[in-house]
Protein chains: 2
Amino acid sequence: MRKTRQRDLILRVVCTHPGHPSLQDVYQMARQQMPRIGLATVYRHLEQLARAGVVRKVVLGDRVTRYDTNIGKHYHIRCVECGRIDDLPLSFMDTIHERISQSVGYQVLEHFLEVVGRCPACYHGVTVDNKAGRQ
Amino acid sequence: MRKTRQRDLILRVVCTHPGHPSLQDVYQMARQQMPRIGLATVYRHLEQLARAGVVRKVVLGDRVTRYDTNIGKHYHIRCVECGRIDDLPLSFMDTIHERISQSVGYQVLEHFLEVVGRCPACYHGVTVDNKAGRQ
DNA sequence: ATTGTTGCAAACGATTTGCAGGAGG
DNA sequence: CCTCCTGCAAATCGTTTGCAACAAT
């Protein structure tokens with residue numbers, strides 16, 4: 001992989017981002033520094049970063065792909081009103097894999113836990129509604 | 001809501017189905033009995049059934065909407081190769097809601113657990129590959 | 001010079017909506 | 001006869017891919 005201005009920018013943007021940026025989020029942020037950058041370029045670099053293990057690709061119930069800069073195994077909570085994502089302070093259940101592969105015949109690869117709710121802001125009626133999405 | 005031939009058919013089809021049919025699945029099955037039925041009709045009735053609590057709408061990591069006829073709270077396992085879905089023999093964690101709403105400020109509404117793996121058939125190289133989909 | 005990378009635009013996959021005509025009550 | 005429901009087609013939404021021009025080595 002070559003070193004390019006785009007690559008550097010995307011890496012910088014995604015690593016700087018505190019939260020769980022979606023492809024569109026990263027794209028918008030990148031455009032502020034490089035207005036003519038293409039969505040596909042951002043997409044391909046994020047995929048590559050995910051394959052390389054630098055970020056973790058996350059798909060939740062709202063069907064949006066997000067790239068998590070927190071590599072460690074953990075779960076997420078999503079606000080049904082505004083789309084905000086937070087990490088869950090819940091210990092990762094490593095034992096689940098063995099427990100399951102016994103009972104179902106599956107070879108277990110991974111598992112995801114998603115909690116859905118209303119974030120503090122939305123719960124108190126201050127809904128901002130960046131992006132809704134429910135199931 | 002009126003009683004129509006389409007409505008009856010869709011209810012019958014979805015309730016008959018043993019598994020976790022997607023919109024497309026129900027559509028295809030319905031078409032066998034009523035070839036000119038529209039996808040939108042199936043979609044709208046399934047949404048309505050979900051709202052009425054007759055079926056449960058489920059979105060997993062492959063982004064496909066499925067309608068689960070098993071109303072009880074439970075989790076799912078998905079085969080990364082062929083897209084097969086099964087219920088998980090894992091007790092539903094009711095305590096999770098209280099535990100979480102304490103630590104994060106969210107009002108917790110619901111939670112989903114998805115295990116991803118390879119089903120017996122695909123694990124043993126007999127992959128049928130109905131529909132792939134990974135994250 | 002070679003070859004991987006970029007930007008644009010178009011393809012995709014699945015869901016969701018608009019609307020004129022049709023059927024239920 | 002009045003509405004709600006239906007089928008068709010088109011819109012949407014986000015992701016993914018094809019490709020000719022471009023830039024890194």
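For clarity, every value in this text was computed on a predicted model and none was experimentally measured. Here is the naming used below: chain letters follow the sequence lines, and residue numbers restart at 1 for every chain.
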Length of the line joining A/Asp25:CG and D/dG14:C1', which is rounded to integer Å: 12 Å

With hydrogens left out and only the distance checked, is there a donor-acceptor pair under 3.5 Å joining B/Arg7's side chain and the base of C/dG24? no

Would you say a side-chain N or O of A/Gln6 is under 4.0 Å from OP1 or OP2 of C/dG7? yes

Phosphate-side-chain proximity, B/Thr4 and D/dT6, N/O vs OP1/OP2 below 4.0 Å: yes

Would you mind classifying the nucleic acid contact of B/Leu39 as base, sugar-phosphate or nothing, using non-hydrogen atoms under 4.0 angstrom? base

Atom-pair distance (CG on B/Leu46; P on D/dT6), nearest Å: 12 Å

Roughly how many Å is it from CE in A/Met34 to C1' in D/dC22, rounded to a whole number? 14 Å

A/Glu47 CD to C/dG4 C1': how many Å, rounded? 18 Å

Which nucleotide, D/dT16, D/dG7, D/dT17, lies nearest any side-chain atom of A/Arg44? D/dT17

Donor on one side chain, acceptor on other, B/His20 and B/Asp25, under 3.5 Å: no

Calculate the interatomic distance between B/Arg31 atom CZ and D/dT6 atom P; express it in whole Å. 17 Å

Looking at C/dT15, I'd like to know if its phosphate oxygens (OP1 or OP2) sit under 4.0 Å from a side-chain N or O belonging to B/Gln24. yes

Take atom CZ of B/Arg5 and atom P of C/dG25, then tell me their distance rounded to the nearest Å. 13 Å

Ignoring hydrogens and geometry, is there a side-chain-to-backbone donor-acceptor pair from A/Glu114 to A/Gly61 under 3.5 Å? yes

Donor-acceptor side-chain pairing of A/His74 and A/Asp68 below 3.5 angstrom: yes

Spacing between B/Lys3 atom NZ and C/dG22 atom C1', to the nearest angstrom: 18 Å

Does the side chain of B/Tyr43 get closer than 4.0 angstrom to OP1 or OP2 of C/dT16 through an N or O atom? yes

Any donor-acceptor pair under 3.5 Å linking the side-chain atoms of A/Glu47 with those of A/Tyr67? yes

Under a 3.5 Å threshold, yes or no: a donor from one side chain and an acceptor from the other, between B/Tyr106 and B/His97? no

Look at the side-chain N and O atoms of A/His45 and state whether any lies under 4.0 Å from the OP1 or OP2 oxygen of C/dT6. yes

For B/Arg2, which contact category applies under a 4.0 Å heavy-atom criterion: base, sugar-phosphate, or nothing? base

Ranking D/dT16, D/dG18, D/dC8 by distance to the side chain of B/Ala40, first place goes to D/dC8

Below the 4.0 Å mark, does C/dC8 have OP1 or OP2 next to a side-chain nitrogen or oxygen of A/Arg36? yes

Figure out the CG/C1' separation between A/Asp8 and D/dA23, and round it to whole Å. 14 Å

